[in-house]
Amino acid sequence: MSSNSSEGDEDSGNSTGTYPSEELAHHDPEEADTEEIDLVTAVNDTLHQEMAREESVRVMGYDIGPLGGVYRATEGLLEEFGDERLIDTPLSENGILGTAAGMAMRGERPVAEIEFMGFFYPAFGQFMYAVVKMYERSGGDIEMPITIRLPYGGGVKALEYHQESTETYQIHTPGVRVVCPSTPYQTKGLLASAIRSQDPVAFMEPKKIYRGVEQPVPTEEYTLPLDEARLVREGEDVTVVTWGAMVRHAVAAAEDVDADVEIVDLRSLSPLDAEAVLDSVKKTGRCVVLHEARRTLGLGAEVSALVNEYALDRLKAPVKRATGFDVHFPDHDIEDDYLPDEERARFAIEAVMDYAF
Amino acid sequence: MVEWTEQQPPEDRYGVLDSDGSLDGDPPDLDDGELLGLYRTFIATRQLEDKMLNMQRSGEASLVARSRGEEATPLGAAAALAPDDWVFYTYRQNSALLHWDYPMAEIIAGTMGFAPETVAEHLDADADPDVNFAPDYTPIGVNVTNGVGSAMADKFTDRDTVTMVFTGDGSTSEGSFHDGMNFAGVFEPPAVIVCQNNQWAISEPSQRQTGAETFAQKAEAYGVPHERVDGNDVFAVYETASEAVERARSGDGPTFIECVTYRMAEHNTSDNPDVYRDDEEQREMWEERDPVERFETYLRDEGVLDDETKGDLEDEVDEQVSAAVDAARDIPDSEPGQMFDHNLHGESWASQHQRAELARELDGKNPFTDFTGEGFDEQ
């Protein structure tokens, strides 16, 4: 199962280009020590940092020990922290989440890795019955500070169930935060916040862009808010709402269309930063949602409904969704036809720009 | 009418008290006070459950699951624990709760459907039980995995706390049971997993749960030591559980205990077992093995219990149950907005907006009048 889980081709990872330097606004670039790292290294660095910082942090999952994870995200942790902090488990997603829940009830702070988001389904029992529910059903007495790392997404030429983007299942669940970074800088700050959060967090990692592009990331500790969207670029004509691996396509499309595009990187998929979305769409009057998940009941449907409910009279065009299709993730030869890319994003932007009531 | 034919479970199980209350082995080392304490919990459990059944019949309680006839299993097992240990239970372990002074009013309030916040706010906060009870689990098997995780936390942090998990024969068919047992076998945490095999999972008899001869065997595949005992014999359960707890506490890992008992009553008050089980013979046989009568006979034979002591205990329990019912009835309904309180820490745009919508609805106002997302800001 893990033999085919390589990083895949990194061609479009490279097309991400450079990350906007203003991302480091929280840190004085003259003062802060930075290191050029890619996204998966940011995951690894953050796990090291948080495990060193707090003894109750225990990283759990399979293939994460001597192998260091199929993406090497947990490399070096076993050597540094031993096998009771870095817990190489049996092959059982439900077992991982269920025992993580029990540990969290007893004061631990588990970080559970589900090797691929498409392997999450067996874990749904414990996810629904214990992880997201215990805080509410105990009247706030029992907290569940669990982070569930979920490498997600397509474009890596992998096997079935290794490529999906099924965040809707988590988003529809009460009692869990769903977070998705899009850059190394975001990854470090958001993962640190997720691990320190008293709520369960489903932390999606866009594995397509794990490697390929590096960015200066402060070596010191920092956190980023778990419930705020990020304005990637400002524009006056149309808002593109997106996240994760799709952000780079939105950026590329924005540079290639005859319109002034504003890009909102949601970062927090649940709870949604509704104000950021509404403020932007009210300003631009047009909205495109770009995501790689299936269209029906994908988060784009929620964003579109939100805009319809609260910004209808500011709209100059209907909201359009540039997404994956309502099909099983296709095989290698046509997966690029399934996945949204710069072109699909550009078409959607052009369509809403050309529309007239 | 098609009914299940019940099967008699294999007899190879450990016992101390014979079904007539005479000794068939060595009794555990308990003094008269402790013995009377167990007896008191037996009758308290029966009186509490009978009272809750009445409350359900009169519409005060929504759903009640009774443990009549199988009280010795949770009682004997839980009595083996020490203060500060942990229990992950389901819905047929009232005797375990009462043994460790879990507030009776809280049990009743649970069946009446009050939110835990509201219950906590209106019951005596000092009435903490001596061992830690995780909230009771409705989905079956889930608690096995969580309990094993709890025990793993104890092992990894070098605490000598023991986690006891109660599960049923039906639960052993669930994935979470197997996931939990597997982790228990691999990590060897201080967990004692007690299977209350009462032969029935709602309408499914035990022969529909497994092709294995016994439930204890299921532990074999996971490398977890296992025992099989007469679940209606409080001494046998207590002794076996005590050894398992001791083993766990001294760092020698988990134990699985199958306690063979029988569900005398319905699964819960929404169930009618007459539809699916032809139980006359079985019922008579199990009635003869009633755990409370058997224990009472033993206590009388030993001179620990007489009519006067029994009468005093019953009066005392009566008062306790009445007071608990009164306390539970005094709990007011929850404030509706409370449903938003413990989903996530902090507020989101959606939770604020939806909370405001509910408040407007409760006020008789139209909650759908906001077309900008800012309409409720002034509230």
Side-chain angles (χ1 to χ4, degrees), chain A residues 55-56 58 84-85 87 89-90 92-108 110 122 125-126 128-130 132 134-143 174-177 197-200 226-227 268 270-275 278-279 282 306 309-314, chain B residues 86 88 115-121 132 134-139 141-157 159 161 163 174-176 178-180 182-187 189 338-339 341-351 353 368 370-375:
Chain A
E55 269 191 27
S56 60
R58 292 177 199 278
E84 292 188 347
R85 300 284 310 282
I87 307 168
T89 67
S92 164
E93 287 77 13
N94 199 56
I96 294 167
L97 280 204
T99 49
M103 286 191 220
M105 292 170 78
R106 302 295 311 286
E108 303 303 304
Q126 289 291 344
M128 298 299 293
Y129 294 140
V132 304
M134 203 62 73
Y135 180 52
E136 184 269 343
R137 70 199 291 263
S138 66
D141 269 358
I142 299 176
E143 297 185 314
V176 61
R177 296 179 182 277
S197 168
Q198 289 304 105
D199 295 318
L226 285 186
D227 48 9
S268 172
S270 182
L272 198 61
D273 186 352
E275 277 173 319
L278 291 174
D279 286 351
K282 284 176 185 173
L306 183 78
E309 280 188 296
Y310 300 111
L312 184 72
D313 61 359
R314 310 288 280 271
Chain B
W86 275 73
F88 286 67
E117 297 94 317
T118 308
V119 173
E121 191 183 336
N132 301 288
D136 62 328
Y137 286 73
T138 316
V142 175
N143 61 328
V144 179
T145 332
N146 293 175
V148 169
S150 159
M152 285 166 67
D154 284 327
K155 179 174 180 172
F156 295 155
T157 50
R159 291 183 295 237
T161 318
T163 299
E174 288 283 354
S176 278
H178 296 275
D179 290 324
N182 194 37
F183 275 59
V186 169
F187 293 104
Q338 192 173 279
M339 71 175 82
D341 283 354
H342 293 115
N343 288 292
L344 293 172
H345 293 77
E347 291 278 5
S348 65
W349 187 91
S351 69
H353 215 79
F368 297 111
D370 177 16
F371 293 98
T372 65
E374 294 151 14

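Side chains are part of it too, since the values below use all heavy atoms of this structure and drop only hydrogens, waters and symmetry mates. Residue numbers start from 1 in every chain, and the chains themselves are labelled A, B, ... in the order their sequence lines are given, proteins ahead of strands.
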For this session: May I have the step-by-step check of side-chain contact (heavy atoms from CB on, under 4.5 Å) for Tyr310(A) and Glu374(B), ending in yes or no?
Result: CA-CA 8 Å; Tyr310(A) 300 111; Glu374(B) 294 151 14; over 6 Å; no
Pairs of heavy atoms under 4.5 Å with chain A: top-ranked of [options]:
options                                    : answer
Asn143(B), Val119(B), Asp136(B)            : Asp136(B)
Thr118(B), Thr161(B), Asp154(B), Val186(B) : Asp154(B)
Asp370(B), Thr163(B), Asn132(B), Asp341(B) : Asp370(B)

Side chains of [X] and [Y], heavy atoms from C-beta outward: is any pair under 4.5 Å?
X         : Y         : result
Phe88(B)  : Met105(A) : yes
Thr138(B) : Tyr129(A) : no
Glu309(A) : Phe371(B) : no
Thr99(A)  : Phe187(B) : no

Can you name the nearest heavy-atom pair linking [X] to [Y], along with the distance?
X         : Y         : answer
Ile142(A) : Pro135(B) : CD1-CD, 3.4 Å
Asn146(B) : Gly98(A)  : ND2-O, 2.8 Å
Thr145(B) : Gln126(A) : OG1-NE2, 2.9 Å
Pro271(A) : Ser348(B) : CB-CB, 3.3 Å
Arg106(A) : Ala153(B) : CB-CB, 3.9 Å
Ile96(A)  : Phe183(B) : N-CZ, 3.6 Å

Problem set entry | Point-to-point distance, once rounded to the nearest 0.5 Å, from CD of Glu136(A) to CG of Leu344(B) | 11.5 Å
With a 4.5 angstrom heavy-atom cut-off, which part of [X] approaches chain B: side chain, backbone, both or neither?
X         : result
Thr89(A)  : both
Met134(A) : side chain
Val132(A) : neither

I'd like to verify something: which residue of [options] has the highest number of heavy-atom pairs under 4.5 Å with chain B?
options                                    : answer
Lys282(A), Glu55(A), Arg85(A), Glu108(A)   : Lys282(A)
Pro200(A), Ser56(A), Ser92(A), Ala130(A)   : Ser92(A)
Gln198(A), Arg314(A), Met128(A), Arg137(A) : Arg137(A)
Val176(A), Asp141(A), Leu97(A)             : Val176(A)

Problem set entry | Among Leu278(A), Asp227(A), Leu272(A), side chain to side chain contact (heavy atoms under 4.5 Å, CB included) partner for Trp349(B) | Leu278(A)
Exercise. Hey, mind stepping through Tyr135(A) and His345(B) against side-chain contact (heavy atoms from CB on, under 4.5 Å) and telling me if it holds?
Worked result: CA-CA 10 Å; Tyr135(A) 180 52; His345(B) 293 77; 3.4 Å; yes
For this session: Could you walk me through whether Ser176(B) and Asn94(A) pass the side-chain hydrogen bond (donor to acceptor under 3.5 Å, both in side chains) test, one step at a time?
Result: CA-CA 7 Å; Ser176(B) 278; Asn94(A) 199 56; 2.7 Å; yes
Problem set entry | Region of Pro139(B) that comes under 4.5 Å of a non-hydrogen atom in chain A | side chain
